[in-house]
Amino acid sequence: MDSNIQDFIDTCNSDNTCNLTHTTSNLTTSASSSSPASTSITNTSSRYENQKRRDWNTFGQYLKNHRPPLSLSRCSGAHVLEFLRYLDQFGKTKVHTPICPFYGHPNPPAPCPCPLRQAWGSLDALIGRLRAAFEENGGKPEANPFGARAVRLYLREVRDLQSKARGISYEKKKRKRPPSQQQPMPLPHHHSLPPPGASATH
């Protein structure tokens with residue numbers, strides 16, 4: 001396996017995102033002369049940009065190693081899915097099968113033979129960075145393979161599968177409506193105080 005991809009795999013999956021912080025030192029030191037607040041922002045930005053560059057180079061290497069080799073212009077959503085499935089073999093997230101006694105258990109009490117996969121959060125963040133990198137490197141938004149419908153559906157399927165298998169909800173909390181929208185109009189016969197300035201007589 002190519003060392004570039006191996007380095008990428010080695011630094012992935014410490015949680016649900018890819019942490020490549022050890023490669024950012026040469027980028028963040030140049031910002032040391034600025035104020036602390038701007039340095040913090042620059043460090044965060046540099047870390048993201050460095051991750052994105054690393055991911056982009058890794059995908060480019062994957063295309064070169066593809067049989068037959070692929071050019072970026074011929075890359076489609078199907079090739080992106082191949083790349084994501086290829087990364088799965090290096091995953092460190094236990095995904096229980098339906099027949100496993102720990103299926104749906106967020107903290108299994110014992111080991112099991114279920115496969116290790118890339119965490120959904122890692123894949124989702126990776127695709128977001130690659131999608132941005134594609135357009136930054138001259139790709140047209142409408143031809144972006146990382147934004148293909150098949151890729152979005154695959155990520156949703158992985159999220160749902162891992163959510164059920166691991167007993168972890170990835171759903172965002174629904175925002176509550178403002179109270180004024182939830183209260184029905186008061187009925188005329190309700191015994192309530194009249195609004196300020198209203199006449200108390202009928």
Got a donor-acceptor contact below 3.5 angstrom from the [X] side chain to the [Y] backbone?
{"X": "D55", "Y": "L126", "answer": "no"}
{"X": "Q118", "Y": "D88", "answer": "no"}
{"X": "D124", "Y": "W120", "answer": "no"}
{"X": "Q89", "Y": "Y86", "answer": "yes"}
{"X": "K94", "Y": "P113", "answer": "no"}
{"X": "K164", "Y": "G104", "answer": "no"}

Positive for side chain to side chain contact (heavy atoms under 4.5 Å, CB included) with Q61, one of T58, L63, N57, N65: N65
Contact between [X] and [Y] at the side-chain level, heavy atoms closer than 4.5 Å - yes or no?
{"X": "T93", "Y": "R166", "result": "yes"}
{"X": "L116", "Y": "F90", "result": "no"}
{"X": "E135", "Y": "P141", "result": "yes"}
{"X": "V151", "Y": "I127", "result": "yes"}
{"X": "R85", "Y": "Y154", "result": "yes"}

Pairing of K52 and E49 as salt bridge, 4.0 angstrom limit: yes
Parallel, tilted or perpendicular: ring planes of F102 versus H105, cut at 30 and 60 degrees: perpendicular
How would you list all residue pairs meeting salt bridge (charged side-chain N to carboxylate O under 4.0 Å, His left out) that involve residues 137-158, not counting sequence neighbours? none
Distance alone, cut at 3.5 Å: any donor-acceptor contact between the side chains of R53 and N50? yes
Verify the cluster assignment for V80 and Y62: are they in a single hydrophobic cluster under the rule of side-chain heavy atoms below 4.5 Å apart? yes
Given the side-chain rings of F146 and F59, with only the six-membered ring counted for Trp, is the space between their centroids under 6.0 Å? yes
Measure the spacing between CH2 of W56 and CZ of R129 and express it to the nearest 0.5 Å. 13.5 Å
